[in-house]
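Take a look at the structure set out below.
The residues of the chain are indexed from 1 along the displayed sequence. When a ligand or atom number is given, it counts from 1 through the structure's own listing order. Note: hydrogens, waters and symmetry copies are ignored here, and every other heavy atom, side chains too, is used.
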Amino acid sequence: MNIVIVGPGAIGSLWATHLHQAGHQVALWGTQNATHWSLQCDEQPKLNFAYNQPDTLHRADLLLITVKAWQVASALPALLEQIADETILLFMHNGMGALEALSDRLAPYPVLLSTTTHGALKPAPDKVLHTGQGQTQIGPFNTPGARCEFVCDVLQHALPQVSWNQHIEHALWQKLAINCAINPLTAIEQISNGELADPRYRARLDNIIAEVAAVMRAEHIPVDQHALRATVDLVIAATARNRSSMHQDVVHQRQTEIDFINGYVVRKAQQHGLAVPVNQQLYQHIQSLQQSWTQA
Ligand SMILES: NC(=O)c1ccc[n+]([C@@H]2O[C@H](COP(=O)([O-])OP(=O)(O)OC[C@H]3O[C@@H](n4cnc5c(N)ncnc54)[C@H](OP(=O)(O)O)[C@@H]3O)[C@@H](O)[C@H]2O)c1
């Protein structure tokens, strides 16, 4: 397939190298002023990619969009002008709601959503490290997307395990709940994920998950609150030494994905007339940190 990776940061570069190795024609679309870019994944040989070449967009069968949630709205309009109507758009980012304002413009295209637990780090512009094996789920955002289940096989061949989920929004909510619990607390407290196992965080984690579960029920998303809370503890244990992406963003004073994580829960709660005070407080805390950097 002709595949363009839009946003070849850590996770995009991981997929770019693996899709290239699986035999696809892969190009990159990013923010640098260049026409070619090379990437090395772990100790594999360096690979060369076309970069920001408009003809790669014109003939793309698939765009894999790996920009951060808050970058989607600014990245997308210019791309849509350059692709064919049958080009498949596959979004891979944390958080929810990034496509809500764009759904009319996306309607003609087959659109897929995904969530992945692979870990990737980009220590240098031409180097990507696969820091953790994971799993990826993909599924349809709209009716044309529902006919693109074969994309699952394409990804599975490149970087397993990949599964098709007809109700991808269920998986996205599940991941959102885990991110709501782990990301802002680790960012505010400046602690590793594992430190959330300390009993002093238990009540707050319970309350975050109880609030998110209430919003999920209002959204008709199947949820077992106790199982979800237990999953949070499992993720905390399994990723104990990791620093969450929001923790790292706060350390480096970069914009976080809070608007699309706890912020999304707060907006959905408001629509349903539900109170989510703990998520609201975490949302405001991270927002005020971000504002303090831009005002400084
Ligand atoms: N890294 C992981 O292990 C991992 C795992 C699971 C999920 N995720 C999720 O995947 C998403 C991407 O994460 P990441 O760690 O890969 O972030 P990242 O390294 O910051 O990658 C995002 C890339 O998109 C580029 N970009 C921004 N605006 C663009 C535009 N308009 N057009 C083209 N490219 C643009 C950025 O360039 P600049 O840097 O120049 O802005 C950057 O290279 C996030 O939602 C994250 O939460 C990441």
Next on the checklist: Applying a heavy-atom cut-off of 4.0 Å, say which part of His93 lies close to ligand 1: side chain, backbone, both or neither.
Outcome noted: both
Checklist entry - Is any side-chain heavy atom of Leu205 closer than 4.5 Å to a side-chain heavy atom of Ile236? => result yes
Checklist outcome for this item: Among non-hydrogen protein atoms, atom 24 (O) of ligand 1 lies closest to Gly7 CA, 3.2 Å
Item to check | Contact atoms of ligand 1, heavy-atom distance to Thr116 under 4.0 Å | outcome: 6 (C)
Checklist entry - So, do His247 and Asn193 sit near enough that their side-chain heavy atoms are less than 4.5 Å apart? => result no
Next on the checklist: Does ligand 1 come near enough to Lys175 that some N or O of the ligand is less than 3.5 Å from an N or O of the residue?
Outcome noted: no
Next on the checklist: The test is side chain to side chain donor-acceptor pair (under 3.5 Å); show your working for Gln291 and Ser288 and say whether it passes.
Outcome noted: CA-CA 5 Å; Gln291 280 159 9; Ser288 61; 6.0 Å; no
Item to check | Residue and atom name of the nearest protein heavy atom (relative to atom 8 (N) of ligand 1), distance in Å to one decimal | outcome: Asn94 ND2, 4.1 Å
Checklist entry - Can you find an N or O of Ala120 that's nearer than 3.5 Å to an N or O of ligand 1? => result yes
Checklist entry - Which atoms of ligand 1 are found less than 4.0 Å from any heavy atom of His118? => result 3 (O), 5 (C), 6 (C)
Checklist entry - Nearest protein heavy atom to atom 41 (O) of ligand 1, by residue and atom, and its distance? => result Gln71 NE2, 3.9 Å
Checklist entry - Does a side-chain heavy-atom distance below 4.5 Å link Pro222 with His170? => result yes
Checklist entry - Do Ile83 and Val26 share a hydrophobic cluster, counting only Ile, Leu, Val, Met, Phe, Trp and Tyr and linking them when any side-chain heavy atoms are less than 4.5 Å apart? => result no
Next on the checklist: So for ligand 1, is Ser74 a polar contact partner (N or O within less than 3.5 Å, distance only)?
Outcome noted: no
Checklist entry - Between Phe49 and Trp29, does the ring centre distance come in under 6.0 Å? => result no
Item to check | Which residue and heavy atom of the protein sit nearest atom 46 (C) of ligand 1, plus the separation | outcome: Glu257 OE1, 3.7 Å
Checklist entry - Looking only at protein heavy atoms, which one is nearest to atom 21 (O) of ligand 1, and how far off is it? => result Gly9 CA, 3.3 Å
Checklist outcome for this item: Heavy-atom closest pair (Ala16 atom, Leu39 atom, distance to 0.1 Å) is CB-CD1, 4.2 Å
Item to check | Student check: side-chain heavy atoms of Leu64 and Val6 closer than 4.5 Å | outcome: no
Checklist outcome for this item: ligand 1 atoms nearer than 4.0 angstrom to some heavy atom of Ala75 are 30 (C), 31 (N)
Enumerate, atom names and distances included, each donor-acceptor pair closer than 3.5 Å involving a side-chain atom of residues 175-187, sequence neighbours excluded.
unit_1: Lys175; atom_1: NZ; unit_2: Asn94; atom_2: OD1; d: 2.9
unit_1: Lys175; atom_1: NZ; unit_2: Thr116; atom_2: O; d: 3.2
unit_1: Thr186; atom_1: OG1; unit_2: Ile182; atom_2: O; d: 2.7
unit_1: Thr186; atom_1: OG1; unit_2: Asn183; atom_2: O; d: 2.9
unit_1: Thr186; atom_1: OG1; unit_2: Ser244; atom_2: OG; d: 2.8

Checklist entry - Under 3.5 Å, N or O to N or O, is Ala10 touching ligand 1 that way? => result yes
Next on the checklist: Regarding Glu100 and Lys268, does a basic nitrogen lie under 4.0 Å from an acidic carboxylate oxygen?
Outcome noted: yes
Checklist entry - Does the side chain of Trp70 reach to within under 4.5 Å of the side chain of Thr256, using non-hydrogen atoms? => result no
Checklist entry - Does at least one non-hydrogen atom of Lys122 fall below 4.0 angstrom from an atom of ligand 1? => result no
Checklist outcome for this item: So the atoms of ligand 1 within less than 4.0 Å of a heavy atom of Gly119 turn out to be 3 (O)
Next on the checklist: Checking a contact table here: which protein heavy atom is nearest atom 22 (C) of ligand 1, and how many Å away?
Outcome noted: Thr66 O, 3.7 Å
Item to check | Where ligand 1 meets Ile11 - atom numbers and elements under 4.0 angstrom, heavy-atom basis | outcome: 2 (C), 4 (C), 5 (C), 10 (O), 12 (C), 16 (O)
Item to check | pair Arg243-Val251: side-chain heavy atoms closer than 4.5 Å | outcome: yes
Checklist entry - What is the nearest protein non-hydrogen atom to atom 17 (O) of ligand 1, stated with its residue, atom name and distance? => result Lys68 CE, 3.4 Å
Next on the checklist: Among all protein heavy atoms in this structure, tell me which lies nearest to atom 38 (P) of ligand 1, with the distance rounded to 0.1 Å.
Outcome noted: Thr31 OG1, 3.6 Å
Item to check | Heavy-atom protein contact below 4.0 Å for atom 19 (O) of ligand 1 | outcome: yes
Next on the checklist: Within the 4.0 Å heavy-atom shell around Trp29, which atoms of ligand 1 are there?
Outcome noted: 33 (C), 34 (N)
Checklist entry - When the ring planes of His118 and His130 are compared, do they come out parallel, tilted or perpendicular, using 30° and 60° as the limits? => result tilted
